S.K.: 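Take a look at the following structure, please.
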Amino acid sequence: MIELENVAYSYGGGELLSDISLRLAPGSFHFLTGPSGAGKTTLLKLCYGALLPTAGHVRLFGADVRSLDRDDIAIVRRRVGVVHQDVQFLDHLSLVDNISLPLTVSGRHADTVSNDLNELMTWVGLTNRADALPPELSGGERQRAAVARAVIMSPDVILADEPTGNIDWEMSQRLLRLLIELNKMGKTVLIATHDLSLIRAAKAHVQARVLRITNRRIQLAGADL
Amino acid sequence: MKLDPGSLRAFIKGDTHADRVVPPTGFTAQLTLFAAAAMAFLAVFALALSLAAGRLADRWGDELARSATIRIVAPLDQRAAQTAAALAILETTQGVASARALTDAEQQALLAPWFGSELVLDALPVPRLIEVIEDADGIDAAGLRLRLSAEVPGAILDDHSRWRAPLVEAASRLRLLGWVSIVLIGAAVAAMITLAANAALAANAQVIAVLRLVGATDDYIAQAFIRRFTLRALGGAAVGTVLGMIAMILMPSASAAAGFLTGLGFQGFGWLAPLFIPVLAGGVAFLATRMAARHTLRELT
């Protein structure tokens with residue numbers, strides 16, 4: 001699905017990530033952890049083509065990311081659902097329009113899949129908020145809406161960057177259950193988080209591998225969790 | 001976006017879903033409409049000026065080039081005889097298609113704008129005018145002058161070139177200025193739309209980032225902006241053009257006396273010309289927004 005091979009990434013000044021090799025196999029569940037500023041978000045961005053590696057190769061669905069033009073990247077993103085910590089919506093559109101936005105921009109109008117959409121809204125528990133505008137939503141509602149938007153295209157991979165950063169424990173448990181359910185449906189899931197209790201909570205339900213970024217490199221975290 | 005007929009049809013038909021992804025803008029949209037309308041209004045006059053100046057230059061350059069005038073300045077008692085002698089010479093002159101002496105009534109009509117219609121020509125030593133129409137070869141003005149000076153001492157040949165050339169030049173320059181104005185107006189529309197589009201793109205940076213994240217292609221994002229600005233320019237320019245044309249219709253028509261100046265307005269098929277202004281404005285807006293959108297989008301991930 002997504003493969004990184006000896007990838008390095010440096011911002012103007014120094015190298016942030018170096019010699020990263022990682023392979024996200026179909027159906028796998030990964031956590032990515034590490035201190036703030038270690039490069040978790042950068043690694044995720046490399047995985048959906050928002051950043052190009054300064055060295056090494058990133059392959060998205062078998063194609064080297066450097067060989068993709070902007071339209072190819074757009075097509076790749078229809079197969080990768082992304083959930084951000086501070087998720088952005090189109091504030092002038094209703095929640096249901098926002099969740100179906102990936103369908104709209106890929107030329108599939110939401111009317112044709114209204115059943116699926118209703119099911120999805122029920123699944124994330126936002127049916128009664130369908131007509132609300134994004135600024136009216138609570139933090140937890142926004143995160144669940146972000147998950148719904150990320151999965152509406154039935155993507156192969158879901159990348160979540162600190163999805164529980166802004167919400168309370170109970171809500172983050174709910175969100176985690178959604179992501180675990182998606183993984184059980186066969187989706188590849190990668191969650192970047194510094195919340196170790198979230199990782200522990202997940203391990204009870206799913207076979208998750210934990211990757212840790214330390215000293216610019218990635219390691220498989222051991223039994224300390 | 002490719003410019004084939006299919007995508008053009010899709011562009012005009014529009015995608016209501018795609019249009020909605022960019023938030024509506026009230027006030028700035030009206031400014032764009034207003035500026036497009038004002039520019040189109042000005043363009044109508046620049047176009048009218050160009051077309052009228054063109055007609056003028058053609059008339060002075062073409063009709064007058066093939067005519068000449070002979071003035072018979074002689075005492076009243078010899079005037080008729082000298083006129084007859086001059087006409088006789090003209091009949092045998094190479095390059096003369098026809099020649100005729102103006103009647104008293106015609107001369108009076110010519111002088112009426114300056115002296116009033118009550119003027120009695122008989123009392124004045126007004127020179128007799130002979131209108132000479134040249135054929136395609138034209139006359140040898142120097143040769144004719146020599147022959148006339150030998151046989152008709154009171155005859156003065158005027159082939160109009162002395163006063164015609166600067167007038168034709170002025171009219172041509174006026175036409176050029178008209179066209180330059182139209183080009184400048186078009187460029188100003190392009191600049192205005194580019195500024196407005198850039199402002200809209202900048203104001204909607206978050207919208208664009210969200211759209212990119214969920215897999216929208218650049219064309220899809222750009223089209224929402226392009227369509228919006230093209231339709232605004234088209235609509236605004238249409239209103240401005242209609243107002244400009246109404247103003248042209250309401251303009252008092254030039255009187256018959258000033259007829260040789262030709263009316264500053266549209267004639268015949270010329271009335272169709274301003275109808276292209278909105279189309280051109282739309283085209284300019286389309287290209288300007290497309291360039292601005294592509295430029296902005298390339299810099300995003």
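If you're wondering where the values come from, they're calculated on a predicted model, not measured in any experiment. Chain identifiers are assigned alphabetically (A, B, ...) following the order of the sequence lines, protein sequences preceding nucleic acid strands; residue numbering begins at 1 within each chain.
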S.K.: Select one option (side chain, backbone, both, neither) describing which atoms of B:V207 are under 4.5 Å from chain A's heavy atoms.
M.R.: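 Interface part for B:V207: both.
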S.K.: Picking from A:M121, A:R129, A:M171, what satisfies side-chain contact (heavy atoms from CB on, under 4.5 Å) with A:R144?
M.R.: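 Going through A:M121, A:R129, A:M171 one by one, the side-chain contact (heavy atoms from CB on, under 4.5 Å) with A:R144 is satisfied by A:M171 alone.
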S.K.: Hey, which of A:L90, A:L93, A:V82, A:D71 has the most heavy atom pairs under 4.5 Å with chain B?
M.R.: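 Greatest number of close heavy-atom pairs with chain B: A:L90.
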S.K.: Which residue is it: A:L60, A:V76, A:T188? I am looking for the one with a side-chain contact (heavy atoms from CB on, under 4.5 Å) to A:V157.
M.R.: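 Output: one option passes, namely A:T188.
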S.K.: With a 4.5 angstrom heavy-atom cut-off, could you sort out which part of A:D72 is near chain B: side chain, backbone, both or neither?
M.R.: neither
S.K.: Is there side-chain contact between B:F286 and B:I226, with heavy atoms separated by less than 4.5 Å?
M.R.: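 A side-chain contact under 4.5 Å exists here.
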S.K.: Counting only heavy atoms closer than 4.5 Å, note whether A:Y48 contacts chain B via side chain, backbone, both or neither.
M.R.: side chain
S.K.: Please determine whether the number of non-hydrogen atoms from other residues, nucleotides or ligands lying under 6.0 Å from atom CZ of A:F61 exceeds 12.
M.R.: yes
S.K.: Counting only heavy atoms not in A:E15 (residues, nucleotides, ligands), do more than 12 fall under 6.0 Å from its CD?
M.R.: yes
S.K.: Side chain, backbone, both or neither: which part of A:R79 has an atom under 4.5 Å from a heavy atom of chain B?
M.R.: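 No part of it gets close to chain B.
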